[in-house]
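All values below come from the heavy atoms of this structure, side chains included, with hydrogens, waters and symmetry mates left out.
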Amino acid sequence: MESSAGSSRRVAPRGGAAHEPLRDVDAALLGFGRALRAAGVDASAERLHAFLRAVDALGPARRTDVYWAGRLTLCGDRDDLERYERVFTACFGSVEPATGPVPAAPAMNLRGVARDATVPRTQTRREAEAPPMAALAASAEVLRHRDFGRLNADEREQLHRLLAAFALHGETRRSARRRPARRGEVDPRRTVRELLRRGGEPARLLRHTRAVRPRRVVLLVDVSGSMAPYADALLRFAHAAVRGPRTEVFTIGTRLTRVTRELSHRDPDLAMAAVSAAVPDWRGGTRLGVLLRAFLDRWGQRGMARGAVVVLLSDGWERGDPELLAAQMRRLRRLAHRVIWANPRKARPGYAPLAAGMAAALPSVDAFVEGHSLAALESLAAVVRGAGGA
């Protein structure tokens, strides 16, 4: 009994130590898959499983191997390739893919392998000098969970590249319009036109179904002084969201400013410069109740908030009357399909929504989520499209 117990104690640590780095790399690569999903790539669980198996077979040491393993397993159509390039470059750095035809593999000759070579023949000098792939993957995974307010300059630059690859789509709904389909109700007009085109000869019944379209998404981004550490990242998140269909963005502080047009610039830096010039109340106070009433009076009541997914990105500090904010939140809740509040302070240990503005708004909020990190914004995107929990 003692010998068997002693052998189990000797074997278990060796096995655990051998697999610990692999578990770290797998967690980092799964984080890369979540970033791809946030960018709009359909990286399903089956595709992620195939990706991990491919990386396990090739080894995670070389950036090129991981690049092609992910590109061949995680991308489902041509639209995914551009998103994949952006996310991979942001996470692990750029890779120069092969442009010409792939040459045939030469016959294996073990005697011809130089044992004293320090760099493999197929490895480029840049890859030889680059950090190990496992270290890059781990650093990207750590960055996903870092608070925006605690990032250094290099981490912010990498964060900006990741946010530029984001995608935000509202929860889908069935439209009143119909589209041709193989299954569904019979389309009498198209069927009759087909009969007339055939000269009255019998033809198959043509069918149609209700079209599906995403709901409008409205983002209200707090740019007051208390939100200064997070405003830049949240506005870059909004810039990526504007690329999607039916998205509107407003900034709130002491004034309400519509910045959808400024954020429509393709280049993120140009978009942020345009927003800076258009918003007059950077790092000022907060009048959430007054500005929410202004939004509903001018845009929301007229249709922008009707049936939409409205997201407020704010810490909930209110200098005005909390009762006014509570009344306007109830009004917004009656108009919108869903009301989501993302609070960067929510992730702090011991946080409780005790601030007067946050406490007044919560009864009218469908989902109260975090908004302090890249991983939190990925979860927010899932909640917006109806895939995450409230």
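When each of Thr251, Thr286, Asp315, Asp281 is tested with Ser224 by the rule side-chain hydrogen bond (donor to acceptor under 3.5 Å, both in side chains), just one qualifies, namely Thr286. Paired with Asp269 under the rule side-chain hydrogen bond (donor to acceptor under 3.5 Å, both in side chains), one option of His160, Arg236, His239 passes, and it is Arg236.
In the displayed structure, Arg306 atom CZ is contacted under 6.0 Å by more than 12 heavy atoms of other residues, nucleotides or ligands. Heavy-atom neighbours of Trp317 CH2 from other residues, nucleotides or ligands within 6.0 Å: at or below the threshold of 12. Atom CZ of Arg298 sits in a sparse spot, with 12 or fewer heavy atoms from other residues, nucleotides or ligands closer than 6.0 Å.
Salt bridge annotation for Glu185-Arg207: absent, with no cationic side-chain nitrogen under 4.0 angstrom from a carboxylate oxygen. Electrostatic pairing of Glu370 and Arg345 does not count as a salt bridge here, judged by no charged N lying under 4.0 Å from a carboxylate O. A salt bridge does not link Glu194 with Arg190: none of the charged nitrogens is closer than 4.0 Å to a carboxylate oxygen. Under a 4.0 Å N-O distance rule, the pair Arg144/Glu378 qualifies as a salt bridge. Ion pairing between Asp80 and Arg83 holds under the 4.0 Å rule for side-chain N and carboxylate O.
Rounding to the nearest 0.5 Å gives a distance of 12.5 Å between CZ of Arg287 and CG of Leu292. Put simply, CG on Leu52 and OG1 on Thr73 are 8.5 Å apart, with the number rounded to the nearest 0.5 Å. Here OG1 of Thr257 is found 10.0 Å from CH2 of Trp282. Values are rounded to the nearest 0.5 Å. Remark: Arg258 CZ to Phe295 CZ distance equals 9.5 Å, nearest 0.5 Å.
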>> For Leu206 and Val186: C-alpha separation, side-chain torsions, deciding distance, then whether side chain to side chain contact (heavy atoms under 4.5 Å, CB included) applies.
In response: CA-CA 6 Å; Leu206 301 180; Val186 175; over 6 Å; no
>> Set out, in order, the CA-CA distance, both residues' side-chain angles and the distance that settles side chain to side chain donor-acceptor pair (under 3.5 Å) for Asp147 and Tyr230, then state yes or no.
In response: CA-CA 9 Å; Asp147 192 293; Tyr230 305 97; 3.1 Å; yes
>> Assess the residue pair Tyr67 and Arg71 against the criterion (side chain to side chain donor-acceptor pair (under 3.5 Å)); give the C-alpha distance rounded to whole Å, side-chain angles, the decisive distance to 0.1 Å, and a yes or no.
In response: CA-CA 6 Å; Tyr67 170 85; Arg71 176 163 171 161; 2.9 Å; yes
>> If you apply the rule salt bridge (Lys or Arg N to Asp or Glu O under 4.0 Å), what do you find for Arg333 with Asp366, and how did you get there?
In response: CA-CA 9 Å; Arg333 183 65 191 87; Asp366 295 302; 3.0 Å; yes
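Proximity of a side-chain donor or acceptor of Arg156 to a complementary backbone N or O of Phe148 within less than 3.5 Å is detected. Side chain of Glu155 to backbone of Asn152: a donor-acceptor contact under 3.5 angstrom is found.
For the residue pair Gln328 / Arg331, a side-chain donor-acceptor distance below 3.5 Å is found, with atom types taken as modelled.
Hydrophobic clustering of Ile, Leu, Val, Met, Phe, Trp and Tyr side chains at less than 4.5 Å, counting indirect connections, keeps Val290 apart from Leu296.
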